[in-house]
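Working notes for the structure below.
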Amino acid sequence: MSDLKDPRVLFAAERTLLAWNRTSLALIAFGFVVERSGLLVRALAPDSQAAKDAGVSFWLGLAFILLGTFAAIYSSRQYLAVLKTLTPAEYPPGYGTRWGVVVNLIVALLGAGLALALYMR
């Protein structure tokens with residue numbers, strides 16, 4: 001619990017949320033690249049051993065996408081927990097604190113949709 005009465009506490013929490021948002025996006029993007037690399041290997045050398053093992057890249061990529069989705073959801077939860085500990089003096093007048101959470105949850109929703117779309121193909 002904070003008793004600093006300083007809006008920098010809020011801004012530090014928001015910067016942390018946005019850092020987790022970037023991490024989530026990077027994990028989702030990396031997972032997509034890993035998942036698609038299996039298709040590339042199969043297209044370039046369909047008879048090779050690597051093409052036969054391309055199923056591993058699918059599951060590994062899907063795991064990274066789901067990890068990014070989980071990170072977006074969990075970091076939003078953590079940020080909201082921090083907001084509950086702040087006093088009204090730590091909020092600048094008229095400052096919206098929910099936009100970071102909204103963006104993070106949209107990233108999580110899109111990540112889950114991507115994972116589902118790749119799984120269903």
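Only heavy atoms go into these numbers, but all of them, side chains included; no hydrogens, no water, no symmetry mates.
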What I'd like to find out is whether the side chain of [X] reaches to under 4.5 Å of the side chain of [Y], using heavy atoms alone.
{"X": "Arg98", "Y": "Leu80", "value": "yes"}
{"X": "Phe58", "Y": "Val34", "value": "no"}
{"X": "Tyr119", "Y": "Trp59", "value": "yes"}
{"X": "Pro92", "Y": "Leu10", "value": "yes"}

Reported [atom1]-to-[atom2] distance for the pair [X] and [Y], which is rounded to 0.5 angstrom:
{"X": "Thr85", "Y": "Leu83", "atom1": "OG1", "atom2": "CG", "result": "7.5 Å"}
{"X": "Thr16", "Y": "Asn21", "atom1": "OG1", "atom2": "CG", "result": "12.5 Å"}
{"X": "Leu105", "Y": "Thr69", "atom1": "CG", "atom2": "OG1", "result": "11.5 Å"}

Are [X] and [Y] connected, step by step, through hydrophobic side chains (Ile, Leu, Val, Met, Phe, Trp, Tyr) whose heavy atoms are closer than 4.5 Å?
{"X": "Leu118", "Y": "Leu39", "value": "no"}
{"X": "Trp20", "Y": "Leu25", "value": "no"}
{"X": "Leu114", "Y": "Leu62", "value": "yes"}
{"X": "Leu116", "Y": "Val107", "value": "yes"}
{"X": "Leu27", "Y": "Phe30", "value": "yes"}

Where [X] and [Y] come nearest, the two heavy atoms and their spacing:
{"X": "Ser24", "Y": "Ala72", "answer": "OG-N, 3.1 Å"}
{"X": "Ile65", "Y": "Ala115", "answer": "CG2-CB, 3.8 Å"}
{"X": "Ala108", "Y": "Ile73", "answer": "CB-CG1, 3.5 Å"}

Can you check whether Gly96's main-chain N or O pairs, donor with acceptor, with Tyr91's side chain at less than 3.5 Å? no
Decide, yes or no, whether a salt bridge links Arg8 with Glu14 under the criterion of side-chain N to carboxylate O below 4.0 Å.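 No, Arg8 and Glu14 are not salt-bridged.
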So Phe64 and Val33, side chain to side chain contact (heavy atoms under 4.5 Å, CB included) or not? Walk me through it. CA-CA 10 Å; Phe64 272 109; Val33 168; over 6 Å; no
Might you confirm whether atom CZ of Phe11 has over 12 heavy atoms from other residues, nucleotides or ligands at distances under 6.0 Å?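 More than 12 within 6.0 Å, yes.
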Does any donor atom in the side chain of Asn104 or Ser75 lie under 3.5 Å from an acceptor atom in the other side chain?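 The criterion, which ignores hydrogens and geometry beyond distance, is satisfied for Ser75 and Asn104.
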Any chance the rings of Tyr74 and Phe70 have centres within less than 6.0 Å?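 Yes, they do, as the ring centres are separated by less than 6.0 Å.
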